[in-house]
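Each remark here refers to the structure printed beneath this line.
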Amino acid sequence: MGTPHKMRLIMMGPPGAGKGTQATFIAEHFGIPAVSTGDIFRANVSRGTALGVKAKEYMDAGEYVPDEVTNEMVRNRIQEPDADKGFLLDGYPRTLAQVEELDTMIKSTGHALDAVVVLTVDQDEVVERLLQRALIDGRTDDTGDVIRRRQELYGEETAPLIEVYRDRGLLIEVDGMGQVEDVTQRIFDALDVVPQS
Ligand code: ADP
């Protein structure tokens, strides 16, 4: 692996694919912040901020928070000094409008995206994982109905982004099934061949 710096990465995958877990390891390795839109929304919900109040109703229903709200939040976050040297986005972009907005944000800094990692998983297994997680974390959106809605939205709104990034030559598909460490290793192996900007 080359000098760990200046990586601008996206982590994609359906709800429960393990994006957050892997994002943390990968970001740490490259010395860049992992920016999880879901985590930022949840932090705002628990602090009771205006953003949190706005986001909560969508999240609890398994719907996407409106693009304007999410875009502005990400724009502010990646302008922070710790993201100068790169970042790993977990859970963003999820819509074509977000893809375009992110392009504008990155372009304005004179940088480019380096890679988009997509975790592929078995849907049934993932529902199991999410229901298990609900028992541990108590996330209010990890209930059967809401999980199904999140999966459906992923298929309709987010899965099409895979082809967009494939066409740009940025896509890296990684098998997300199996042990956490094995998946991490697969991601590192795949990223090893990505030239760093
Ligand atoms: P999941 O595993 O379901 O993808 P996340 O923690 O990433 O969980 O996201 C939880 C919720 O936060 C989503 O269901 C959605 O309501 C909201 N959210 C997160 N990221 C975005 C985004 N990029 N655009 C719109 N809504 C988002």
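Just so you know, residue 1 is the first one in the sequence shown, and it goes up from there. Every heavy atom of this structure was used, including side-chain atoms; hydrogens, water molecules and symmetry mates were not. We count ligands from 1, going down the list as the structure has it; atoms in each ligand are counted the same way.
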For this session: Have a look at Gly20, Ser36, Pro15 and point out the one with the heavy atom closest to atom 2 (O) of ligand 1.
Result: Pro15

Exercise. Relative to the heavy atoms of Glu63, which atoms of ligand 1 are at a distance of less than 4.0 Å?
Worked result: 15 (C), 16 (O)

For this session: Do me a favour and list the nearest non-hydrogen protein atom to atom 9 (O) of ligand 1 with residue, atom name and distance?
Result: Arg94 NH2, 3.5 Å

For this session: For Arg42, counting its heavy atoms only, list the atoms of ligand 1 lying under 4.0 Å from any of them.
Result: 6 (O), 10 (C)

Exercise. What residue and heavy atom of the protein are closest to atom 24 (N) of ligand 1, and at what distance?
Worked result: Gln98 NE2, 2.9 Å

Exercise. Does Gly62 reach ligand 1 with a nitrogen or oxygen that is under 3.5 Å from one of the ligand's nitrogen or oxygen atoms?
Worked result: no

Exercise. With a 4.0 Å heavy-atom cut-off (strictly under), which part of Arg149 contacts ligand 1: side chain, backbone, both or neither?
Worked result: neither

Problem set entry | atom 12 (O) of ligand 1 - nearest protein heavy atom and its distance | Met59 CE, 3.6 Å

Exercise. Would you say ligand 1 has an N or O under 3.5 Å from any N or O of Tyr58?
Worked result: no

For this session: Could you tell me the residue and atom name of the protein heavy atom closest to atom 26 (N) of ligand 1, and the distance to it rounded to 0.1 Å?
Result: Val65 N, 3.0 Å

Problem set entry | Donor + acceptor pair across side chains of Tyr64, Thr158 (<3.5 Å) | yes

Exercise. What protein heavy atom is closest to atom 1 (P) of ligand 1, reported as residue, atom name and distance in Å?
Worked result: Arg150 NH2, 3.7 Å

Exercise. Can you find a heavy atom in the side chain of Gln79 that is under 4.5 Å from one in the side chain of Arg75?
Worked result: yes

Seminar exercise, completed: In this structure, atom 20 (N) of ligand 1 is nearest to the protein heavy atom Thr37 OG1, 2.7 Å

Exercise. Taking heavy atoms and a distance under 4.0 Å, where does Tyr64 meet ligand 1: side chain, backbone, both or neither?
Worked result: both

